[in-house]
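Since we're looking at a predicted model, the values are computed, not measured.
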Amino acid sequence: MDWGIEAKVHTISVDNASSNDVAVKVLKDNFQATGKLICGGKMFHVRCCAHILNLVLQNGLYQIRHIIEDIHDTMAFINSSESRLKVFAEIVQQRRLPFRKLILDCKMRWNSTYDMLTTAMKFWRVFPCLKERDLSYHYCPKEEDWDKVEKICSILKVFSSASNLISGSDYLTSSLFLKQVCTIKIMLDSKSQDGDVFIQTMIWKMKEKFDKYWGECNLLMGVAAILDPRLKMRVIEWAFPKMYPQPESRANMDVVRDALYEVYREYVDASKALTTARAFASTAGAFQEVGKGSGATTKMADD
């Protein structure tokens, strides 16, 4: 109210935290009391898409946490001194590999873990040689670990592309969410049939978290996609059958369509009310001018 935006807030996006849930509930109750929420507040609370992607990934990466720790410790070990970097560079040169800067991940950002793993994959043959030359190096991943990392990186690449796209700041993003989420869903369903038991286990952990947050229809994500003139209703007709089983996908299409019409009717009513108010103000102004003119004419006649 201090900022004068109490009638302009229609939706709020927050990370998944119980404290946020409580705060959003209080806000929603306050806004509903004044009748300021569109669509009855159905699209008010939106969970951050990038944060959910992070939760899904962390659920999967937990399955290879020991491998990630070994690679993280390897990067930290090599970068800890100039002499170790020099030895590493010599081995890279002997292997005729293009030298790249080793990337150390930030444990709070999964995409930095992806960057670290993809960089480390380019040097997986170098680390055993380093172990032979430096007896204090104890973090060398096994060959079968690298096989797992290679398969996982193909999965992380899909998430990384989606995260980079929806986190953009110099273009509209809300209409892009549905397509990216659907792409991830298709990938998870496909990988869940993988013959590798390790990959199957990891993917099912990720699907469990995915379904927890996106198992129910996200109204705002669907409406935003439809309002993109390049997509319209075709986008949910394409995406929903891939994201939900029948007849749930058809029911969700109807829910989104009904919400879209409800928002449109509210907009029409608000537009009519604004037009009526302007017309009333204009008419009142005209009567006031006429009243002023009549008074002036009377005064002249009396003179």
query = Do the side chains of L227 and V181 join up, straight or via other hydrophobic residues, at under 4.5 Å, putting them in one cluster?
reply = yes

Test: R84 cationic atom under 6.0 Å from F77 six-membered ring centre, within 45° of axis = yes

ask   = Taking the side chain from D145 and the backbone from I67, do they hold a donor-acceptor pair closer than 3.5 Å?
value = no

inquiry  = If the threshold is 4.0 Å, N to carboxylate O, is there a salt bridge linking D254 and R257?
reply    = yes

key: Nearest-0.5 Å distance, CG of residue L188 to OG of residue S190   = 9.5 Å

key: Salt-bridge contact D189-K242 (side-chain N to carboxylate O under 4.0 Å)   = no

ask   = With a 4.5 Å limit on heavy-atom distance, are the side chains of R47 and D21 in contact?
value = yes

task = For the residue pair I71 and W146, establish whether any side-chain heavy-atom pair is separated by less than 4.5 Å.
result = yes

task = Starting from the C-alpha separation in whole Å, work towards a yes-or-no answer on side-chain contact (heavy atoms from CB on, under 4.5 Å) for V235 and D228.
result = CA-CA 9 Å; V235 68; D228 187 329; over 6 Å; no

ask   = How many angstroms lie between CE in M243 and OG in S249, if you round to the nearest 0.5 Å?
value = 11.0 Å

query = Which heavy atom in C129 sits nearest to a heavy atom in R95, and how many Å separate them?
reply = SG-NH2, 3.4 Å

task = Report yes if the side chains of S160 and N164 come closer than 4.5 Å at any heavy-atom pair, otherwise no.
result = yes

ask   = If Ile, Leu, Val, Met, Phe, Trp and Tyr residues are connected whenever their side-chain heavy atoms lie under 4.5 Å apart, and connections chain through other members, are V158 and W204 in the same group?
value = no

Pair F123 and F88, ring centroids less than 6.0 Å apart = yes

key: E266, CD: over 12 other non-hydrogen atoms inside 6.0 angstrom   = yes

task = In sequence, state the C-alpha distance, the side-chain angles, and the governing distance for Q180 and T183, and then conclude on side chain to side chain donor-acceptor pair (under 3.5 Å).
result = CA-CA 5 Å; Q180 296 304 313; T183 300; 5.1 Å; no

Shortest non-hydrogen contact from G168 toward T173 = O-CG2, 3.5 Å

ask   = Can Y137 and T74 be said to form a side-chain contact (heavy atoms from CB on, under 4.5 Å), step by step?
value = CA-CA 8 Å; Y137 172 47; T74 294; 2.9 Å; yes

message = If the threshold is 4.0 Å, N to carboxylate O, is there a salt bridge linking K151 and D147?
response = no

ask   = Should the heavy atoms of other residues, nucleotides or ligands under 6.0 Å from CZ of R133 be counted, would the total exceed 12?
value = yes

request  = Would you check if E69 and H72 make a side-chain contact, meaning some heavy-atom pair closer than 4.5 Å?
outcome  = no

query = Are F240 and W238 joined in one hydrophobic group, where the rule is that I, L, V, M, F, W and Y side chains link up if heavy atoms are under 4.5 Å apart?
reply = no

task = Measure the CG-CZ distance between L57 and F159 for me, rounded to the nearest 0.5 Å.
result = 5.0 Å

ask   = With a 4.5 Å heavy-atom cut-off, do I236 and I226 have their side chains touching?
value = yes

query = Going by side-chain heavy atoms closer than 4.5 Å, which hydrophobic residues are tied to V14, directly or by a chain of links?
reply = W3, I5, V9, I12, V24, L27, F31, L37, F44

query = Is the number of heavy atoms from other residues, nucleotides or ligands within 6.0 Å of NZ (K185) greater than 12?
reply = yes

ask   = Should we count NZ of K179 as having more than 12 external heavy atoms under 6.0 Å?
value = no

note = Smallest heavy-atom separation, S167 atom then S163 atom, equals OG-O, 2.8 Å

inquiry  = Could you tell me if the side chain of L61 sits less than 4.5 Å from the side chain of M202, heavy atoms only?
reply    = no

ask   = Atom CD1 of I38 and atom OG1 of T11: how far apart are they, to the nearest 0.5 Å?
value = 7.5 Å

query = Checking side-chain contact (heavy atoms from CB on, under 4.5 Å) for the pair L178/N218: CA distance, chi angles, key distance, verdict?
reply = CA-CA 9 Å; L178 180 61; N218 187 308; over 6 Å; no

task = Examine Y62 and M116 and state if one hydrophobic cluster contains both, with Ile, Leu, Val, Met, Phe, Trp and Tyr joined whenever side-chain heavy atoms are less than 4.5 Å apart.
result = no

ask   = What's the verdict on side-chain contact (heavy atoms from CB on, under 4.5 Å) for F198 and I152, showing C-alpha distance, side-chain angles and the deciding distance?
value = CA-CA 10 Å; F198 167 77; I152 288 169; 3.7 Å; yes

4.5 Å side-chain heavy-atom contact, M233 and M253 = no

ask   = About how many Å separate CG of L55 and CZ of F210, when rounded to the nearest 0.5 Å?
value = 13.0 Å

key: Within 6.0 angstrom of E82 CD, more than 12 heavy atoms from elsewhere   = no

query = Rounded to the nearest 0.5 Å, how far apart are CG of N20 and OG of S13?
reply = 9.5 Å

Cationic tip of K157 above Y114 ring, under 6.0 Å, 45° of axis = no

query = Transitive ILVMFWY cluster of L176 at side-chain heavy atoms under 4.5 Å: who else is in it?
reply = L165, Y171

message = How about CZ on R278, more than 12 heavy atoms from neighbouring residues, nucleotides or ligands closer than 6.0 Å, or not?
response = no

query = Can you hop from I199 to M187 via hydrophobic side chains spaced under 4.5 Å?
reply = yes

inquiry  = If you count heavy atoms of other groups shown closer than 6.0 angstrom to CD of E150, is the number above 12?
reply    = no

ask   = Is it true that a side-chain atom of D15 and a backbone atom of A17 form a donor plus acceptor pair closer than 3.5 Å?
value = no

request  = For residues E132 and L135, report the shortest heavy-atom separation together with the two atoms involved.
outcome  = O-CD2, 4.4 Å

inquiry  = Does atom CG (L274) have a neighbourhood of more than 12 heavy atoms from anything else shown, all under 6.0 Å?
reply    = yes

Any side-chain heavy-atom pair of S192 and K207 under 4.5 Å = yes

task = Quick one: closest heavy-atom pair of K191 and S154, and the distance?
result = NZ-OG, 3.9 Å

query = Which atoms form the tightest heavy-atom contact between G60 and M206, and what is the distance?
reply = CA-CG, 3.5 Å

